[in-house]
Amino acid sequence: MLERRTGASVAVVTVTWEDLGWERLAAGVGRCRLPGWDCTAGLVVGADAALAVDAGSSLGEGARLRVAAQELAGHRVTHLALTHPHFDHVLGASAFAGAEVFGAVGTAALLAGAGREALRADAVAEGLDAGLAEEAADALVAVRHEVCGEWTLDLGGGRQVLLANVGPGHTGHDLAVLVPGEVEVVFCGDLVEESGEPQAGPDAVPSQWPAALDRLLGLGGEDALYVPGHGAVVDAAFVRAQRDALAARFGVSR
Ligand SMILES: [Zn+2]
């Protein structure tokens, strides 16, 4: 619920996550599934700060996310966590240019120089309009904070969030976001996919992917909601089954 003050009058405007096409996961925590690649973008709201998780695939998509996130939070988005450097998760990042940007260690280099060009080319190969891909890649923000192990963010009002470098796995630079609370939420990036088989490209590290999922399960435990990079929210049993399937697929003995 948002309270908007105009002069002496107070208008109470109720905006729910569902009103804006988002899915509420816990108090002050939600996500939306973006069109096109069904990529998840998340939001964690604190008292005077807000964390966006991933930024969509283009400047326009990032801007739409930012507007919705601000409306839901009641204030601006102050932090952005990038779960991994793939175009559908990062090319909207410059819409959050005023935010503190976090990624797993090594992400900064991949969002600059030749890495930026590779993102652009990958986006076009996956069907993004060439002009939109170029515009977004040109404008990409810098990752200011690279996370090696774990990093605690304080968003105010008792809301703390843990950023954890749990990879490598889906890429060499996988960052998970744990939101503690009555209902715990773990944003998994593409370490977990529900809408299809986990996608392993040339930058995947298959031999270490199952261990990354063990770390993810260690973070969230049995009762957390696990939010995949693509698809419906899943539970610990699903993540464990996906870990076993990946281990079998890539011949990783445990
Ligand atoms: Zn990915």
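Remember, it's 1-based here, ligands and their atoms both numbered in the order they're listed.
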Asp138 (side chain) donor-acceptor with Glu135 (main chain) under 3.5 angstrom: no

Checking Arg240 against Glu222 for the salt bridge (charged side-chain N to carboxylate O under 4.0 Å, His left out) test, could you report, in this order, the C-alpha distance in whole Å, the side-chain angles of both residues, the deciding distance, and whether it holds? CA-CA 10 Å; Arg240 233 180 345 263; Glu222 271 314 294; 2.7 Å; yes

Pairing of Arg33 and Glu23 as salt bridge, 4.0 angstrom limit: no

Out of curiosity, Ser58 OG to Leu128 CG, how far, rounded to the nearest 0.5 Å? 6.0 Å

Considering the Zn ion (ligand 1), could you give the total of protein N/O/S atoms lying closer than 2.8 Å? 4

Between His230 and His89, what is the ring plane arrangement, given parallel below 30°, perpendicular above 60°, and tilted in between? perpendicular

Applying ring pair (Phe, Tyr, Trp, His ring centres under 6.0 Å), can you list everything that pairs with His173, at least two apart in sequence or on another chain? none

